[in-house]
Amino acid sequence: MQRAAYVSAKDFVDRVMVAGRFEVYTSELATRYARSAAVKRFAQQMIAESRQTEEEFASTLEKAAIEPPIDALDVACSAKYFSLPVFGRTDDFDDSYVLQQVEVHEDAVSLFSDYAARGQAPELQAFAARLLPRLEARLRMARELTTRR
């Protein structure tokens, strides 16, 4: 995995918002369309944890006097979202969902690790450092699901 390049406070905020929305949107699909009980449990946990993180993030943005970005997926995440098999012809939703979760969590761990070490806004830097262990745990859980399948 390669290290994230230096990220400005605005880029960090935008990327956190998009990643959080992507995790919730895809996990909501997984609670409906996943076949595996383990994948459904994982998705439910991702939704609950993401919602908690969103609340913490909103509080951090308020303390830092940073305007939250528009709550939407970017083009890349929208393409990933619509590539899930529920929108197509294959039955392989579980594998696609889990692999996307591994990828998005690898990206998040890299982003948060980089920002915790080199971020410009102290409040965001502290948020990144505080959240990093949770993101690493989510990544481990997603990877464990790939080995069970």
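The structure displayed is predicted, hence computed values, not measured ones.
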Q. Charged N to carboxylate O below 4.0 Å: is that the case for Glu28 and Arg51?
A.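 Arg51 and Glu28: salt-bridged.
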- Task: May I ask you to decide whether Glu49 forms a salt bridge with Arg138, counting only side-chain N to carboxylate O separations under 4.0 Å?
- Result: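 Result for this pair is yes, salt bridge flagged.
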About how many Å separate [atom2] of [Y] and [atom1] of [X], when rounded to the nearest 0.5 Å?
{"X": "Leu124", "Y": "Lys63", "atom1": "CG", "atom2": "NZ", "value": "12.0 Å"}
{"X": "Thr26", "Y": "Gln100", "atom1": "OG1", "atom2": "CD", "value": "6.5 Å"}
{"X": "Leu135", "Y": "Leu111", "atom1": "CG", "atom2": "CG", "value": "9.0 Å"}
{"X": "Ser27", "Y": "Phe42", "atom1": "OG", "atom2": "CZ", "value": "6.5 Å"}
{"X": "Gln52", "Y": "Glu54", "atom1": "CD", "atom2": "CD", "value": "11.0 Å"}
{"X": "Glu62", "Y": "Phe57", "atom1": "CD", "atom2": "CZ", "value": "13.0 Å"}

Original post:
Where does the angle between the aromatic ring planes of Phe12 and Phe127 fall among parallel (under 30°), tilted (30 to 60°) and perpendicular (over 60°)?
Top reply: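 Phe12 vs Phe127 ring planes: perpendicular.
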So which heavy atom on [X] is nearest to which on [Y], and how close?
{"X": "Ala34", "Y": "Asp94", "result": "CA-OD1, 3.0 Å"}
{"X": "Val98", "Y": "Ala142", "result": "CG1-O, 3.5 Å"}
{"X": "Pro68", "Y": "Met17", "result": "CB-CE, 4.4 Å"}

Check: Ser110 side chain, Glu106 main-chain N or O, donor-acceptor pair, under 3.5 Å: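 No, Ser110 side chain to Glu106 backbone: no donor-acceptor pair under 3.5 Å.
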| query | Counting N and O atoms only, with roles assigned by atom type, does the side chain of Tyr115 sit under 3.5 Å from a partner on the main chain of Ala126, one being a donor and the other an acceptor? | reply |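 No, because the side chain of Tyr115 does not come within donor-acceptor range (under 3.5 Å) of the backbone of Ala126.
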[X]-[Y] co-clustered via ILVMFWY side chain contacts under 4.5 Å:
{"X": "Tyr25", "Y": "Leu99", "result": "no"}
{"X": "Phe112", "Y": "Ile66", "result": "yes"}
{"X": "Tyr33", "Y": "Val39", "result": "yes"}

Passing candidate, side chain to side chain contact (heavy atoms under 4.5 Å, CB included) with Met141, options Gln101, Met46, Arg41:
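Exactly one candidate clears the test, Met46.
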Output, in order, the C-alpha distance, side-chain angles, deciding distance and verdict of side-chain contact (heavy atoms from CB on, under 4.5 Å) for Val24 and Arg21.
CA-CA 5 Å; Val24 170; Arg21 288 289 85 212; 3.8 Å; yes
